[in-house]
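Every chain is numbered from 1, with letters handed out A, B, ... down the list of sequences.
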Protein chains: 2
Amino acid sequence: MKVTINDIAELTNVSKSTISRVINNSGPVSEKTRNAVTEAMERLDYKPNEIARSLSLRRTMTVGVVMQDIRNPYYAYACWHGDRLLEKSGYSAVICNVDNDPEREQACLNSMGHRSVDGVLCIGPQEETANIVRAVEEMEIPVVLVDTDPEIAKIDTVNLDNIYGGQLVVDYLVSLGHRRIAFVTSDFTSAERGRRAGYSEGLEARGIDLDPSLIISQGEGQWHRGECPALMELIRKGNAPTAIFASNDFKAIRIVRLLHRLGLSIPDDISLVGFDDIDAAAMVTPGLTTIHQPIDKMIDIGVRILIKRMEGREGPTEHEVLRPWLVERESTRKVR
Amino acid sequence: MKVTINDIAELTNVSKSTISRVINNSGPVSEKTRNAVTEAMERLDYKPNEIARSLSLRRTMTVGVVMQDIRNPYYAYACWHGDRLLEKSGYSAVICNVDNDPEREQACLNSMGHRSVDGVLCIGPQEETANIVRAVEEMEIPVVLVDTDPEIAKIDTVNLDNIYGGQLVVDYLVSLGHRRIAFVTSDFTSAERGRRAGYSEGLEARGIDLDPSLIISQGEGQWHRGECPALMELIRKGNAPTAIFASNDFKAIRIVRLLHRLGLSIPDDISLVGFDDIDAAAMVTPGLTTIHQPIDKMIDIGVRILIKRMEGREGPTEHEVLRPWLVERESTRKVR
DNA sequence: ATGATCTAAGGAACCGGTTCCATTCTGGGA
DNA sequence: TCCCAGAATGGAACCGGTTCCTTAGATCAT
């Protein structure tokens with residue numbers, strides 16, 4: 001049986017209240033008593049029951065981290081970094097994988113309120129914005145959204161300027177002489193939609209007509225299997241673009257493989273740009289030109305806001321927007 | 001303020017005990033009362049406080065998942081799969097990243113006992129075996145070790161036959177005509193030590209003398225930075241092996257890049273074999289020949305044992321050992 | 001009609017802490 | 001010497017559930 005505060009009380013002939021004061025340094029205790037209690041705790045190897053303390057204090061020192069899919073290195077890194085920051089402040093993270101399923105996301109957010117976490121960090125939610133807002137309002141704990149719909153006003157958010165990022169890619173490719181630039185996506189997250197908007201706006205700004213047949217969208221599941229029939233079709237029919245802009249590195253890396261299988265060379269036949277700058281982007285061959293997303297900064301800010309809220313500090317909702325930048329590697333070159 | 005069981009009791013003029021019976025179906029309740037209570041709960045949107053219930057029941061329905069580094073896709077996948085299985089049984093996972101730091105691992109295991117989890121799944125522990133065993137015995141909850149020292153007898157374990165895996169690699173490379181086979185590792189986990197043993201035994205079985213200068217070991221941090229000066233040195237000096245056996249895919253993928261930078265072709269100049277068969281192994285160019293580790297099966301079994309223990313079913317400690325197999329891709333070829 | 005049996009429900013203790021409030025003890029100033 | 005402030009401690013309520021034990025009332029056989 002576990003040793004409790006009562007055992008210590010009995011052993012030292014001191015009341016629970018005093019023991020509690022010793023543990024938490026929350027009141028005056030004589031030197032003599034303190035020593036006796038400390039020694040007894042040592043001797044019985046006493047460790048306070050966190051559950052009981054949580055019930056009493058009405059705080060659990062845990063935060064829920066909700067994300068789409070931890071197998072995606074982008075999320076894995078975000079999770080790792082967030083966990084480290086939270087731990088530094090005495091919190092522990094409960095991860096909640098949503099697996100790209102809006103229903104699970106909703107269920108996860110709903111359950112968070114009762115799963116007894118002090119706050120929620122939600123990375124890259126995909127549910128309809130209205131649903132997210134409602135769910136967040138129902139659970140009475142602070143929530144910070146990272147990488148989400150930039151329109152959300154009622155909740156603290158940290159976002160990347162995806163539109164700007166999309167424009168960066170187009171500007172860069174056009175500067176290399178490309179005009180037939182495909183955009184490959186799943187239109188799944190609002191981040192992808194932002195990048196797509198940046199793609200369109202970038203083309204327009206350069207006076208290039210948008211060719212709808214160059215926009216290729218297919219579900220995440222298909223990408224997970226590493227396939228993209230629509231792109232293959234486009235190329236086989238001789239309509240190959242001179243450059244491909246993939247909505248994230250995860251897809252870009254799969255495209256590297258697909259093109260390789262078709263016997264096409266990157267960047268000699270087709271240039272390829274990704275988005276996110278995940279670890280693997282620097283590891284594949286050729287090294288992937290991509291947009292660097294300062295996810296660590298975004299998590300930094302998100303966690304900072306969340307902790308502030310959990311400590312009860314109110315204030316107007318915050319909306320940070322960070323700018324990405326381009327990282328040039330070997331997957332792009334001048335069009336010939 | 002959150003609505004509690006007392007609010008329901010007050011509203012319905014029924015005692016807490018009866019409400020509890022309705023919620024848990026744990027005793028006879030008349031149809032009339034049941035309806036009234038259910039309706040009241042519905043109306044006030046009542047959700048039981050999980051913390052209070054945990055305190056009372058002395059179980060939290062959470063399990064700690066301890067791993068080295070979730071950024072490593074191997075662990076990320078294991079974590080994802082484990083989380084899914086646990087969720088199916090009503091548990092939720094608290095991940096605990098140890099970041100390749102034995103001290104943190106020890107601290108993590110120690111804290112688990114008080115962090116109020118019902119059980120622990122520990123994947124790829126690296127602490128000294130004796131310390132792990134002691135820590136596990138101190139916390140009075142079930143622990144299952146996955147991918148650990150196969151010598152541990154007192155704790156349930158699930159392991160890969162790493163020695164066999166190492167032998168597979170050597171057998172395969174020798175069958176392609178290789179005799180100068182380097183082994184690249186960090187000697188960090190007991191899995192790596194097992195693979196190294198398999199490497200040695202495999203060479204011996206084929207009558208090839210082990211050349212100590214072909215065994216390259218460096219810390220994990222260095223690998224994370226993507227560097228390996230010792231290997232570079234070996235090659236620059238003209239002592240390049242004809243094949244490299246990397247202790248895991250994580251390192252193998254970094255070696256792909258290093259060799260590329262040296263202008264060496266895989267597999268034409270050097271063959272490369274990894275270990276683990278992570279997702280990225282199929283994605284890099286050239287596709288990585290590697291040893292497939294059925295991590296999903298291992299997690300399956302680990303979780304099954306853990307749940308059994310958490311449900312109180314005793315029995316002799318279990319020690320499962322699974323056999324890996326070779327997956328041939330494009331990073332290996334006959335020596336010329 | 002009466003006692004046995006069973007169902008429905010309430011009361012109180014309990015899980016293991018925290019905290020407010022009351023009480024005792026101590027020393028210093030008048 | 002007496003009084004009072006402040007330090008040290010104890011007691012009890014509380015957090016929000018679960019569960020054992022009792023009791024009231026209904027049903028049934030004798």
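- Residue B:M41 contributes atom CE, which lies 11 Å from atom P of D:dG17 at whole-angstrom precision.
- Looking at residues two or more places apart in sequence or on another chain, you find a side-chain hydrogen bond (donor to acceptor under 3.5 Å, both in side chains) between A:D156 and A:R309.
- Applying the side chain to side chain contact (heavy atoms under 4.5 Å, CB included) criterion to B:R304, with sequence neighbours excluded, gives B:I301, B:E320.
- D:dG17 atom P lies 13 Å from atom NZ of B:K47, rounded to whole Å.
- In terms of the ring-ring contact (aromatic ring centres under 6.0 Å, His included) criterion, residue partners of B:H224 (sequence neighbours excluded) are, by chain and number, B:F250.
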**OP:** Treat primed atoms plus P, OP1 and OP2 as sugar-phosphate and everything else as base, then score nucleotides 18-27 of chain D 5' to 3': B for base contact with protein heavy atoms under 4.0 Å, S for sugar-phosphate contact only, - for none.
**Re:** BBB-------
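- Under the salt bridge (charged side-chain N to carboxylate O under 4.0 Å, His left out) criterion, the residue pairs touching residues 78-104 of chain A are A:E87-B:R104, A:D99-A:R104, A:R104-B:E87, with sequence neighbours excluded.
- Of the residues in residues 29-36 of chain B, those lying under 4.0 Å from DNA chain C by heavy-atom distance are B:V29, B:S30, B:T33.
- Interatomic distance, OG1 of B:T60 versus CD1 of B:I141, reported as 8.0 Å (0.5 Å rounding).
- Remark: C1' of D:dG17 and CZ of A:R58 are 14 Å apart, rounded to the nearest angstrom.
- Remark: P of C:dC14 and CG of A:N49 are 17 Å apart, rounded to the nearest angstrom.
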Subject >> B:L322/B:V158 under side chain to side chain contact (heavy atoms under 4.5 Å, CB included): CA gap, chis, key distance, verdict >> reply: CA-CA 8 Å; B:L322 279 75; B:V158 182; 4.2 Å; yes
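- Within 6.0 Å of CZ on A:R134 lie more than 12 heavy atoms contributed by other residues, nucleotides or ligands.
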All N/O donor-acceptor pairs, side-chain side in residues 21-30 of chain A, below 3.5 Å, sequence neighbours left out:
from: A:R21; atom 1: NH1; to: A:T18; atom 2: OG1; distance (Å): 3.4
from: A:N24; atom 1: OD1; to: A:R53; atom 2: NH2; distance (Å): 2.7
from: A:N24; atom 1: ND2; to: A:S20; atom 2: O; distance (Å): 3.0
from: A:N24; atom 1: ND2; to: A:S20; atom 2: OG; distance (Å): 3.4
from: A:S30; atom 1: OG; to: A:T33; atom 2: N; distance (Å): 3.2
from: A:S30; atom 1: OG; to: A:T33; atom 2: OG1; distance (Å): 2.7

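- With the end axes of the helix from C:dA1-D:dT30 to C:dA30-D:dT1 each set by five pairs, the angle from one to the other reads 60° at 10° resolution.
- The CG atom of A:L306 sits 9.0 Å away from the CG atom of A:D118 when rounded to the nearest 0.5 Å.
- The side chain to side chain contact (heavy atoms under 4.5 Å, CB included) search around A:A9 returns A:I19, not counting sequence neighbours.
- Considering CE of A:M67 and CG of A:N100, their distance stands at 12.0 Å, rounded to 0.5 Å.
- Applying the salt bridge (charged side-chain N to carboxylate O under 4.0 Å, His left out) criterion to A:E318, with sequence neighbours excluded, gives A:K308.
- The salt bridge (charged side-chain N to carboxylate O under 4.0 Å, His left out) search around B:E137 returns B:K154, not counting sequence neighbours.
- For residues 6-13 of chain B, proximity to DNA chain D is found at no residue, defined as any non-hydrogen atom under 4.0 angstrom from a strand atom.
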